[in-house]
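We name chains A, B, ... by the order of the sequence lines, and we start the count at 1 in each one.
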There are 2 protein chains.
Amino acid sequence: MLSDVMEDYLKAIYVIESESGPPVATSEIAERVDKTAPTVTSMLETLEDRGMVTREKYKGTELTAEGRTVAIEVIRHHRLLETYLAEHLDYSWDEVHEEADALEHHISEEFERRVAEVLDEPQADPHGDPIPSAELEPPTGGPTVPLSACESGDRIVVARVSDRRDEDLAYLADAGITPGTTISVRDVAPFGMVTVGVGDDEQSLPESVAASIHVTPADHADEANADEVHAGEADSDEVHADEANADEADPDATGAGA
Amino acid sequence: MLSDVMEDYLKAIYVIESESGPPVATSEIAERVDKTAPTVTSMLETLEDRGMVTREKYKGTELTAEGRTVAIEVIRHHRLLETYLAEHLDYSWDEVHEEADALEHHISEEFERRVAEVLDEPQADPHGDPIPSAELEPPTGGPTVPLSACESGDRIVVARVSDRRDEDLAYLADAGITPGTTISVRDVAPFGMVTVGVGDDEQSLPESVAASIHVTPADHADEANADEVHAGEADSDEVHADEANADEADPDATGAGA
DNA sequence: CTTTTGAATTAGACACATCTAATTCTGTTC
DNA sequence: GAACAGAATTAGATGTGTCTAATTCAAAAG
Ligand SMILES: [Mn+2]
Ligand SMILES: [Mn+2]
Ligand SMILES: [Mn+2]
Ligand SMILES: [Mn+2]
């Protein structure tokens, strides 16, 4: 039907649409899928022929309903796999992404069902990203704000951490900053360097890292288990329960990062 | 490095070599991988360039040591996956093959290690085929004979069942004929129809099916658990312990069926 | 030996996914 | 409103994996 390469393009377009809205620029897609612009143009023509996208020449591209469904399906596969690898095959949360990327195009619907069943229909993956339902409606994480937008004194819970750059993830895992962790913002320096307290430790994070951590205000009820900081074991359900009452909307709130 | 298609060719060549010895005919490969002969010729040239096979024009093809290692690696992936699917994701033994075929090219070495670890380095897959070790030495199942070569009155244990044709597998699963099952040969009719007793039931199997069931003589010690016939749950270790003392060599004894 | 015949290879084509280089378009700047 | 800069597309090429049709070969039969 669709090749795995096509699925990757659709996933990329979906993520970009979620972050900045349609129409999506060719160059943006090219950057995500790591291909040249002419390559992307020609693939977009193919995807248009297949009814997956609509486009206006020199303007941009938009997913059709069908293309969006395919993208969501791939994202569901990806996040179920990440969750399964973490919970049943002893992967740490910073190792799951690559393996899931390789497998997401190759599992059967049966496999998807069985994994979802043994995991008991999980709501979020190890990075805190919401897992689309089997019905493939667009997943909506609750509203969150980037840590880089927080102010000194804020007490917050980590909702999601972008799974894009591996070395950041390993660093954060080591620092104990994982979805579900409660942390407090100590200082926001010029150029966005954020200093946070996590448990008894203190960490300074460059702006680029702080921007990839999405948080919600801490419920006071949560402060008791603020030291539940180790490993990628935070209860995903709780994470998203917490997210329900954040104060500010966030363009990335759909949790589109694959 | 090598594409998944190339891996499939190498696996096919390995299986044919195991069954009938090198050199392997182009047409044999074509049949296994379901491609035309010219397609196979051109792929064999590619594989020769990559050092995976040697060939003599118009004569046949042979795996190099490197090509053999790749094939064994793919087979290890396949059989580990089959075993994992059966034991941890509730697949029945007649459902595992297709899923494993799709995933075998896409799992990482890390995934392989972790699956092997949670399964505790299994020795055989759900069809009774031996799983190559992590060191990728050619696996050797013990000697077995096809059921079609047995005689009336023989009392035997099912060692392996070819995983090539799905509908046969489902039928045999239903009839309770799985690796580890002890059965007795009641009658061998003309044209190879074999009638066997399994538990209290009696089954007649056409020659083609009987030929795909490989057996060893029953140890008398085993007759106690002759009714351990349900589901794909027979203990694989026992199966291959049993195989160690069969009487006749079998060209397919390497268990090459993927 | 020569002929036959079936298998294997060569020839030529096509679809897909990719690239670099050249061209064209759009939106912004003067 | 003309010129420019940057983005997107077109043009043209490459590698891979596949096919059908035509040709060549080798092993078996005479
Ligand atoms: Mn699915
Ligand atoms: Mn993720
Ligand atoms: Mn391996
Ligand atoms: Mn098998």
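Judged by the 6.0 Å and 45° rule, B:R68 forms no cation-pi pair with B:Y14.
Residues A:S133 and A:E135 bring a donor and an acceptor atom of their side chains to less than 3.5 Å of each other. For the residue pair A:H78 and A:H97, a side-chain donor N or O sits within less than 3.5 Å of a side-chain acceptor on the partner.
A salt bridge between B:E45 and B:R50 is absent, with no side-chain N of the basic residue lying under 4.0 Å from a carboxylate O of the acidic one. For the pair A:R79 and A:E82, the salt-bridge criterion is not met [side-chain N within less than 4.0 Å of a carboxylate O]. Using a 4.0 Å cut-off between charged nitrogen and carboxylate oxygen, B:R114 and A:E95 count as a salt-bridge pair.
Each end of the helix from C:dC1-D:dG30 to C:dC30-D:dG1 gets its own axis from five base pairs, and the two axes differ in direction by 20°, given to 10 degrees.
Distance, B:M1 CE to D:dG15 C1': 17 Å, rounded to whole Å. Between B:I29 atom CD1 and C:dA7 atom P the separation is 15 Å, expressed in whole Å.
The one candidate from A:E109, A:E7, A:E121 that meets the salt bridge (Lys or Arg N to Asp or Glu O under 4.0 Å) condition with A:R76 is A:E121.
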Contact state string [nucleotides 9-21 of chain C, B base, S sugar-phosphate only, - no protein heavy atom under 4.0 Å]: BB------SBBBB
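Looking at B:T64, its side chain does come within 3.5 Å of a backbone N or O of B:M52 through a donor-acceptor pair.
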